[in-house]
Each structure stands twice: as structure tokens, then as C-alpha cells.
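Please read the structure below before turning to the comments.
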Amino acid sequence: MREPYRTSTITFRVDPQVPEPRPIALAGEAIRAGGLVAFPTETVYGLGANALDSAAVEKIFRAKSRPANDPLIVHIADLSQLPGLAVSVSELAYRLLERFAPGALTLVLNKREAVPANLTAGMDTVAVRMPDHPVALALINAAGLPIAAPSANRFSRPSPTTAQHVADDLKGRVDIILDGGPTGIGLESTILSLVGEAPQVLRPGGVSLEELRAIVPDLTYQPQYLADEAAAASSPGSMLKHYSPRATVVLFRGDDDLAVWAAMRAFADEHDHVGAMTLEREASRFADLDVTVESLGADLDAAAARLFSALRSLDSRGLKWILARAPDSSGLGLAIGDRLLRAAEGDVIDVKPRR
Ligand code: TXA
Ligand code: MG
């Protein structure tokens, strides 16, 4: 593993709606100079560098301790930046961008030569998105460059949804952190590949499959969870073990509420140092047990926004077990379930309905 990138970190608070020009100008300058800037997007915080500078891109991998076979997403602020990154962009791609840019949709396209090979992990495709966040857009505009940015977490930690999460993972490894408060969606973008035979979702995320299907009726999604690192290398993002908390995450799945709660309660009863992530209305189910409960809020939107923060919080409390329930897979539930399954490394308990 290469040496981590080391630097001193400055954090600037910025107004998430109307970012102050001075910190944005300084951050844009840092990007132009080949440095690293962490910034909020509507999904999660990103760790940014000049996408067209392979030395700057290399710093991202070193700061995150990210394996070189995991390609980065390039962020743009204007569609005029797209032709500098991708070639043979289809009419479908433009229709999708018209509907979802700016927004939580990343498109995988054929890359232009100018995009450095380390950014795309040697592949001839490039992932591009336009974030829907005033701070991200202002930063890209100030830099005057497309910005490469993975999520701003240490490799195999949950994605950061606050500037504090970024600092916890990357203090001393990023030049500037722009603190624009908590991110809105809380889960990463949906990745849609347009380079294969049919449009294919590679990662469910902030834009639901239902929304995408309105424009791409023939899109496919085949969840891939590869436990084997060698096999996963040729298929970026498919590694099963993605977030690996110190605690063991156990995922409960089933349609019968009472049966699922009973199974979770039984597990909690039989084990020590148990935490649970639940919707607000389910939290009371554990009130009489010795379980540390982290509420995910009232509904799926709230759960998405709080999921990573809840994982980090529970994992910092020295628990042995974190119990969670898989949501049904409509809307944001698909992406939440995907992240939970990875956090659980596939450790799922299927609960049969009671009669
Ligand atoms: O919401 C998001 O997408 C956030 C914010 C910061 O924009 N970014 C993010 O990046 O989640 P990251 O690095 O954590 O995830 C990037 C993933 C890679 O792991 C890989 O799965 C996929 O994007 N990817 C990037 N380039 C690709 C390519 N050329 N082909 C296929 N997948 C690609
Ligand atoms: Mg990530």
C-alpha cells in the first residue's frame, strides 16, 4: 500500500444555500494547485481533486487508502464540461441529464483520452455526475475544472454525511474541508452504465429505479455481491464487504412485522452488547431490553439520511452486534437495503411469517 497523503487540514464553514465567495475561492485555488478539498453534495461528502491531473487524482487514492482498482466519479457543474470527459454521448444520456442533472444520478460513458487512467482504474469508461448542491457547484465553477471525487471516507468506512465524519476519517489527509452542514439524501448516487448492450444500474442510490424506468424502460439491475476480492476487481463496486463496522451487523428480512420484531428481540435477548437501528415507530419494541437503539426517523427518506451516521455512531460505542431490518425494495428502500447488506457482509436472517 502506498504512503498516505499527508497535509494540514483547514475547515471552513460555508452557507449551504449561498456559499461565501472567499472560502470557495480558496478551495477552488487549492484544487487548481493539485490539492484535495472535501465538499458537501446532496448525497454524501466528496473528496475532490482536479480530475484532469493524474498526480492530484493519485492523492485521493492515498488519502483514502483506496485500492487502485476502484474508479472515481467526475463531478461537473455544467453540461458543457461533458464533451471534455466522454465521447459518443448518446441521445439517451442527454435525455437522462435533462431530467436528472443536477441530481443523484451518475452515468458511465465512454471516456475521452484526456481523462487520466488512474481515475478510471485503467478502464476506457468514465463515471460522471452533476451534483445538486450549491457548494459543490460553486467549487467546481471556482476551480474551472471537472472534479474527481469519491465519498470522503477512509476506505471501508461508511460514507460521510457531515463534515465531522470527514474530519474523523481524513484529518491530516485533506487540505480543505468545506463544512456545509449535513447532506440531504444521505446515500450515494445511483450509477447507470450506458456503455453496455442495455442500460444497466450498477449501484442503486439517490435516484430510484422507478424514476429511471420512466425514461429508460429497458434498464436492468442485477445486484452483484462478490465476496472474493479478485473477482470483484474486474467489476468496480461489487465487493460485498464495503462498509465494515467493528461490530457485526445482522440484517433481518421478512414481511411479517410481528415475526421480524420477535426474531430481533430474541437475538437481542440471547446476546450481549447489542445495538439496533430502527424506524422511530419501531424503537419502542426494544424499550424493555438492554439494547442501544439508534432511530432512523419516520420514513425511508429520513432513514436514508441517517443511515451512515447511525452506523458510525453505534460502531463508536463498542457494541458487538448491530441489528437492522431490511426495508422493502421500492424507492429508496432498494439503496438502503443494498448498503445494509454490505454492512452486514451478507449476514441475513430471513424471518418466516407466523401463522
Ligand atoms: O453520490 C456519490 O456518488 C458520491 C458523491 C461524492 O458524488 N460519490 C461516490 O463515489 O459515492 P465513490 O467513489 O464512493 O463510488 C464510486 C463508484 C466506484 O466504487 C465504482 O463502483 C463506480 O463509482 N464507478 C466509477 N467509475 C466507474 C466506471 N468507469 N465504470 C463502472 N463503475 C464506476
Ligand atoms: Mg464510497
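Counting starts at 1 for both ligands and their atoms, in listed order. Keep in mind it's a predicted model, so treat the numbers as computed, not measured. Keep in mind that the numbers below use all heavy atoms, side chains included, and drop hydrogens, waters and symmetry copies.
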Ligand 1 to Ser151, heavy atom cutoff 4.0 Å, flagged ligand atoms 8 (N), 9 (C), 10 (O), 12 (P), 13 (O), 14 (O)
Would you sort out whether Thr106 and Ser189 count as a side chain to side chain donor-acceptor pair (under 3.5 Å), showing the intermediate values?
CA-CA 6 Å; Thr106 296; Ser189 61; 2.7 Å; yes
Looking at ligand 1, is there an atom of it that comes within less than 4.0 Å of some heavy atom belonging to Lys111?
no
Check this for me - ligand 1, Arg66, N or O atoms closer than 3.5 angstrom, yes or no?
yes
Proximal candidate to atom 16 (C) of ligand 1 [heavy atom criterion; set Leu47, Thr106, Ile73, Val44]
Ile73
Nearest-contact summary for atom 6 (C) of ligand 1 - protein heavy atom, Å
Gly46 CA, 3.6 Å
Distance in Å, Asn141 CG paired with Ile76 CD1, rounded so as to fall on 0.5 Å steps
11.0 Å
Do any N/O atoms on Tyr45 end up under 3.5 angstrom from N/O atoms on ligand 1?
no
Less than 3.5 Å between some nitrogen or oxygen of Thr41 and one of ligand 1, yes or no?
no
Is it the case that the side chain of Lys111 and the backbone of Met123 share a donor-acceptor pair, with hydrogens and angles ignored and the cut-off at 3.5 Å?
no
Hey, which atoms in ligand 1 end up nearer than 4.0 Å to a heavy atom of Arg129?
1 (O), 2 (C), 3 (O), 5 (C), 7 (O)
Per-atom contacts of ligand 1 with Leu202, taking only distances under 4.0 Å to non-hydrogen atoms:
31 (C), 32 (N)
Look at ligand 1 and say whether Asp70 reaches it with a heavy atom at a distance under 4.0 Å.
yes
The side chain to side chain donor-acceptor pair (under 3.5 Å) partner of Thr43 among Arg129, Glu188, His133 is Arg129
Rounded to the nearest 0.5 Å, the CG atom of Asp70 sits from the OG1 atom of Thr120 at a distance of 11.5 Å
At less than 4.0 angstrom from any non-hydrogen atom of Ile191, what atoms of ligand 1 do you find?
17 (C), 22 (C), 23 (O)
In terms of atom number and element, which parts of ligand 1 are under 4.0 angstrom from non-hydrogen atoms of Met123?
28 (C), 29 (N), 30 (N)
Contact region, Glu188 to ligand 1, non-hydrogen atoms below 4.0 Å, reads both
Taking only heavy atoms of Ala127, which atoms of ligand 1 are found under 4.0 Å from at least one of them?
25 (C), 26 (N), 27 (C)
Atom indices of ligand 1, in the order listed, that fall short of 4.0 Å to a heavy atom of Thr125
28 (C), 29 (N), 30 (N)
Distance from Phe308 atom CZ to Leu187 atom CG, nearest 0.5 Å?
5.0 Å
Can Gln200 and Ser193 be counted as having a side-chain donor-acceptor contact under 3.5 angstrom?
no
Between Ile140 and Ile176, is there shared hydrophobic-cluster membership here, with clusters defined by ILVMFWY side-chain heavy atoms closer than 4.5 Å?
yes
Quick check on contacts: which atoms of ligand 1 are under 4.0 angstrom from a heavy atom of His75?
5 (C), 6 (C), 7 (O)
If you define the side chain from C-beta out and look only at heavy atoms, does anything of Pro160 sit under 4.5 Å from Asp168?
no
Going by atom types alone, do Thr7 and Asp175 pair a side-chain donor with an acceptor below 3.5 Å?
yes
Same apolar cluster (I L V M F W Y, side chains within < 4.5 Å links), Leu72/Val74:
yes
Specify the protein heavy atom at minimum distance from atom 27 (C) of ligand 1: its residue, its atom name, and the distance to 0.1 Å.
Pro71 CG, 3.4 Å
What protein heavy atom is closest to atom 15 (O) of ligand 1, reported as residue, atom name and distance in Å?
Arg203 NH1, 3.2 Å
When you measure from the Mg ion (ligand 2) to the N, O or S atoms of Asn153, does any of those distances fall below 2.8 Å?
no
In this structure, CZ of Arg325 is separated from CG of Leu279 (nearest 0.5 Å) by 8.5 Å
Closest protein heavy atom (residue, atom, distance) for atom 3 (O) of ligand 1
Ser189 OG, 2.6 Å
